[in-house]
Amino acid sequence: MRELKVYNSLSRTKEIFTPLISGHVGMYVCGPTVYSDVHLGNCRTFISFDVIYRYFRYLGYKVRYVRNITDAGHLEGDRDEGDDKFSKKARVEQLEPMEIVQKYTLGFHKVMELFNNLPPTIEPTATGHITEQIRMAQCIIDNGYAYVVNGTVYFDVEKYNKEKPYGILTNRKLEELLEGTRDLGGQDEKKGRLDFALWIKASSEHLMQWPSPWGMGFPGWHIECSAMSEKYLGKQFDIHGGGMDLAATHHTNEIAQSEACYHTAPVRYWLHTNMLTVNGVRMSKSAGNGFLPGELFTGSHPLLEKAYSPMNVRFFMLQTHYRSTLDFSNEALQAAEKGLKRLLEAYNHLEKLSIDTKGPAGNKELDEKVRKLVNEFDENMSDDFNTAKVLASMFELVPVINSIKDKTVDLSSLSKDTLTLMQEKFKNYLFDVFGLKQVTETDNSKLQGVIQLLIDIRREAKSKKDFVTSDKIRNQLLQLGIAIKDEKDGGMSWSVE
RNA sequence: GGUCCUGUGGCCGAGUGGCUAGGCAGAGCUCUGCAAAAGCUCCUACAGCAGUUCGAAUCUGCUCGGGACCUCCA
């Protein structure tokens, strides 16, 4: 299998990826909290990991890809006596918490499908794994790293830090972390400022609560990922992913919990995706600058000049490396739209080419250039999933393809093997690895017949130099969103704009 | 305040100590009845200052700007 390098947040370097079990990859990605719609920033992370998942499969790995649905717990604000988000939302909307969960889970799945993200192989929910979480909290208590106060279980960060470096993931010392926290209020139950809850006591009016050894309550936010990743991937597994914003708190606590319970570092490679920004500022719910996927697809967001298709957005994201911030703007989106169209059209031309005879390339230099560029796909993708570079190589091949299609370059310049290789790799990357889809042409055969008829009439008009008629057909079809192009070989092609 | 990231041509964005990524926009040309598309050519940038080096956008230091995390957030 090809050598793959991944950037590991833990070591802050690119490392050669070696799976625990040869040929297999265990990957856990932090999924959404389903109490509201996912915004585009969330989608970026899921699209990034979808491409990573697809690439592992392309390389021939068997992947268990676990991505959770957080449908319980999750405190509001930073106070431990805060509300469960699901309960709070439920009271506002007069719904059962599980109705909220259902609504936004379905919405999330719909969005993932529109972006053509493959579903994870396991998508566990927090509410479905309460016992596992209780068991893990108990394990941490038994090992002496957690304590119970009034029905709530806290993780003892300072005690843990005496044996293991708590801030290892973000390279920070406990003292530094402590400086950043505010003073404990008088009524706080926690022993240490950085201590976090594994299990939270529920008040009687709390809608979602479960029995536990410490009374009725609900799980803390971080414990679900630790419990579920262990259940499905083991005490140690290959890859854990998520947005960079999760590293400092959520993932740091996950490491501490797993170490405290199993005495093992849970994750070998931590992968973090960077943030999506709007005018240079991170897109987030709290900042109120979140774009919903639906607003994008319909163009209804006030900052958008037009609608952008899911594939347009997906391609836009692929043009940037996953560890760089990506700024969201109309100009960038429109540039991506045109680029994607150009690339897909070139691919469609490429597909139609074929060479019958086996023989040497007519133009050795060009043939070698093509092979070099095609081979760069794998090289760059294996260098920490550099989708931007792969696309650059693809775009360098576009003029070659178009020139062959326009017959300004002879097809026999390339050897049959090179052409076949290029066709295969384009297909692999565009659709299998990048997960792009062709813009849906009309599949209505009757309509296709009608357009063909108009094209025939136009051709006749042109041959009679009746340009009034031929232009009328072309212009009016264009207004309807159908573009006719006169090809160099005298043929006519059409496409839906 | 602490920790860290970052500053690339009109815009978006890769990037390695030496070999002008790529996309979009713009200009010219070719093709074309005209368009569109396509092809060719041009637009050769790396915040500033200093240093290391034969050579730096790439390493080091300082200055300035932007951002993230330290609080729920992908």
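So that the names make sense, note that chain A is the first sequence line, chain B the second, and so on, each numbered from 1. Just so it is clear, the model here is predicted, and its values are computed rather than measured. All values below were derived from every heavy atom in this structure, side-chain atoms included, with hydrogens, water molecules and symmetry-related copies excluded.
In this structure, A:K173 reaches neither bases nor backbone, as no heavy-atom distance under 4.0 Å exists between it and the strands shown. Within 4.0 Å (heavy atoms only), A:H39 reaches at least one base atom of the nucleic acid. Contact annotation for A:N386: backbone-only contact, meaning every heavy-atom pair under 4.0 Å involves sugar-phosphate atoms and none involves a base. Residue-level contact check: A:A248 touches the backbone only, with heavy atoms under 4.0 Å from sugar-phosphate atoms and none from bases. A:M244 comes within 4.0 angstrom of nothing in the nucleic acid, heavy atoms only. Contacts of A:R459 with the nucleic acid, taken as non-hydrogen atoms under 4.0 Å apart, are absent. Nucleic acid contact for A:A332: sugar-phosphate only, since backbone atoms but no base atoms lie under 4.0 Å from a heavy atom of the residue. Note on A:T273: nothing from the nucleic acid sits closer than 4.0 angstrom, heavy atoms only. Across all strands, A:M283 comes closer than 4.0 Å to base atoms (heavy-atom distances). The residue A:V281 sits close only to the backbone: its heavy atoms come under 4.0 Å of sugar-phosphate atoms, none of a base. Nucleic acid contact class of A:S393 (heavy atoms, under 4.0 Å, all strands): none. Using a 4.0 Å heavy-atom cutoff across all strands shown, A:T249 reaches sugar-phosphate atoms only and no base atom. Across all strands, A:L478 comes closer than 4.0 Å to no nucleic acid atom at all (heavy-atom distances). Looking at heavy-atom distances under 4.0 Å, A:T320 makes contact with sugar-phosphate atoms alone, never a base.
Not one side-chain nitrogen or oxygen of A:N475 sits closer than 4.0 Å to the OP1 or OP2 atom of B:A35. Checking the phosphate oxygens (OP1, OP2) of B:G67, no side-chain nitrogen or oxygen of A:T277 falls inside 4.0 Å. Proximity of A:N402 to the phosphate of B:A38: no side-chain N or O atom is located under 4.0 Å from OP1 or OP2. Remark: A:K338 is in phosphate contact with B:A25, judged by side-chain N or O atoms under 4.0 Å from OP1 or OP2. Under 4.0 angstrom from either OP1 or OP2 of B:C24 there lies at least one side-chain N or O belonging to A:R342.
B:C12 and B:G7 have their C1' atoms separated by 15 Å, with the value rounded to a whole Å. B:C31 and B:A35 are spaced 13 Å apart, taking the C1' atom of each and rounding to whole Å. Across the P atoms, B:G66 and B:G26 are found 32 Å apart, a figure rounded to whole Å. Nucleotides B:C46 and B:G67 place their P atoms 23 Å apart, quoted to the nearest Å.
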Exercise. Between A:D384 and A:R323, does a salt bridge (charged side-chain N to carboxylate O under 4.0 Å, His left out) hold up when you go through it step by step?
Worked result: CA-CA 9 Å; A:D384 197 29; A:R323 279 192 293 110; 2.8 Å; yes

For this session: Walk me through it: do A:E368 and A:K372 pass the test salt bridge (charged side-chain N to carboxylate O under 4.0 Å, His left out)?
Result: CA-CA 6 Å; A:E368 268 169 27; A:K372 182 176 173 289; over 6 Å; no

For this session: Give the C-alpha distance, both sets of side-chain angles, the deciding distance and a yes or no for side chain to side chain contact (heavy atoms under 4.5 Å, CB included) between A:V433 and A:F385.
Result: CA-CA 10 Å; A:V433 177; A:F385 314 103; over 6 Å; no

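Side chain A:R44 to base B:A74: no donor-acceptor pair is found below 3.5 Å. Judged by distance alone, with hydrogens and angles left aside, A:D471 brings a side-chain donor or acceptor within reach of the base of B:G33, the pair sitting under 3.5 Å. Remark: the A:N171 side chain and the B:C4 base include no donor-acceptor N/O pair separated by less than 3.5 Å. One can find a donor-acceptor pair under 3.5 Å joining the base of B:C34 and the side-chain atoms of A:R474.
A salt bridge does not link A:D50 with A:R67: none of the charged nitrogens is closer than 4.0 Å to a carboxylate oxygen.
Note that OH of A:Y7 and OH of A:Y322 are 9.0 Å apart. Values are rounded to the nearest 0.5 Å. In this structure, A:R459 CZ and A:I473 CD1 are separated by 11.5 Å, a value rounded to the nearest 0.5 Å.
When ring centroids are compared, A:Y347 and A:F431 come within the 6.0 Å threshold. Aromatic pair A:F46/A:F108: ring centres closer than 6.0 Å.
A straight line from CG of A:D384 to C1' of B:A14 spans 13 Å, rounded to a whole angstrom. Rounded to whole angstrom, the span from the CD1 atom of A:I482 across to the P atom of B:A35 amounts to 23 Å. Here B:A36 presents its C1' atom at 11 Å from CD1 of A:I484, a figure rounded to the nearest Å.
Between A:F395 and B:G23, no base-stacking contact is recorded for ring centres under 5.5 Å apart and planes less than 30° from parallel.
With a 3.5 Å limit on both pairing distances and Watson-Crick or G-U wobble geometry required, the stems of 3 or more pairs in RNA chain B span B:1-7 with B:64-70, B:10-12 with B:22-24, B:26-30 with B:38-42, B:47-51 with B:59-63.
Side-chain atoms of A:L344 and A:Q438, non-hydrogen and from C-beta on, do get closer than 4.5 Å to each other.
Using modelled atom types and a 3.5 Å distance limit, the side chains of A:Y28 and A:N68 yield a donor-acceptor pair.
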